[in-house]
*Asks:* 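Handing you this structure, nothing more for now.
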Amino acid sequence: MQCPKCESNDVLLCSVAYEQGKSVTESKGTSEGGDGSGRFTADHESTHTTLTEFAKRAAAPELTTNALWYSLIGAVVAFFIVPSVWA
């Protein structure tokens, strides 16, 4: 693959650039303690995702709630209007 602007062969698909710039950290642990009236144990887990600035630019656009509603309304309108135009 070659860049159409600069003709460089050093190109990546956006999905590949995104994955290369994404770092996921998972941690698990247990906490123990007590206040004199008893002891407790708590398990905890967390996942943290970090993106480089380049990966943020290469990421797919976020799908917002408004976009979902507009898509749904457009599909309903098309379903009812388009068949009547063809008839």
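Because only heavy atoms are used, hydrogens play no part in the values below, and waters and symmetry mates are left out as well, while side chains stay in. Starting from 1, each residue takes its place in the sequence as its number.
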*Asks:* Mind jotting down which residue pairs meet the salt bridge (charged side-chain N to carboxylate O under 4.0 Å, His left out) criterion with at least one end in residues 52-61? Sequence neighbours excluded, please.
*Replies:*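 Listed once each, the pairs are Glu53-Lys56.
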*Asks:* Using side-chain heavy atoms (C-beta onward) and a distance below 4.5 Å, is Val24 in contact with His48?
*Replies:*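 No, their side chains stay 4.5 Å or more apart.
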*Asks:* Are Leu51 and Tyr18 packed together at the side-chain level, in the sense that at least one heavy-atom pair is separated by less than 4.5 angstrom?
*Replies:*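 When only atoms from C-beta onward are counted, Tyr18 and Leu51 do touch, with a gap below 4.5 Å.
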*Asks:* Indicate the atoms forming the closest heavy-atom contact of Ala17 with Ala58, along with that distance.
*Replies:*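 Minimum heavy-atom separation between Ala17 and Ala58: CB-CB, 4.0 Å.
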*Asks:* How would you list, by chain and number, every residue that makes a side chain to side chain contact (heavy atoms under 4.5 Å, CB included) with Ser31, sequence neighbours excluded?
*Replies:*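 Once residues adjacent in sequence are excluded, the partners of Ser31 under the side chain to side chain contact (heavy atoms under 4.5 Å, CB included) criterion are His44.
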*Asks:* Any side-chain donor paired with an acceptor under 3.5 Å for Ser46 and Ser27?
*Replies:*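 Yes.
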*Asks:* Compare all side-chain heavy atoms of Thr25 with those of Thr50 and state whether any distance is below 4.5 angstrom.
*Replies:*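 Answer no - side chains too far apart.
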*Asks:* Give the intermediate values and the outcome of side chain to side chain contact (heavy atoms under 4.5 Å, CB included) for residues Asp43 and Lys28.
*Replies:* CA-CA 7 Å; Asp43 294 327; Lys28 296 179 182 181; over 6 Å; no
*Asks:* How would you list, by chain and number, every residue that makes a side chain to side chain contact (heavy atoms under 4.5 Å, CB included) with Gln20, sequence neighbours excluded?
*Replies:*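 Testing Gln20 for side chain to side chain contact (heavy atoms under 4.5 Å, CB included), a comparison that skips the adjacent residues, returns Leu12, Val16.
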*Asks:* Please walk me through it: do Glu26 and Glu45 pass side chain to side chain contact (heavy atoms under 4.5 Å, CB included)?
*Replies:* CA-CA 7 Å; Glu26 295 180 359; Glu45 296 182 20; over 6 Å; no
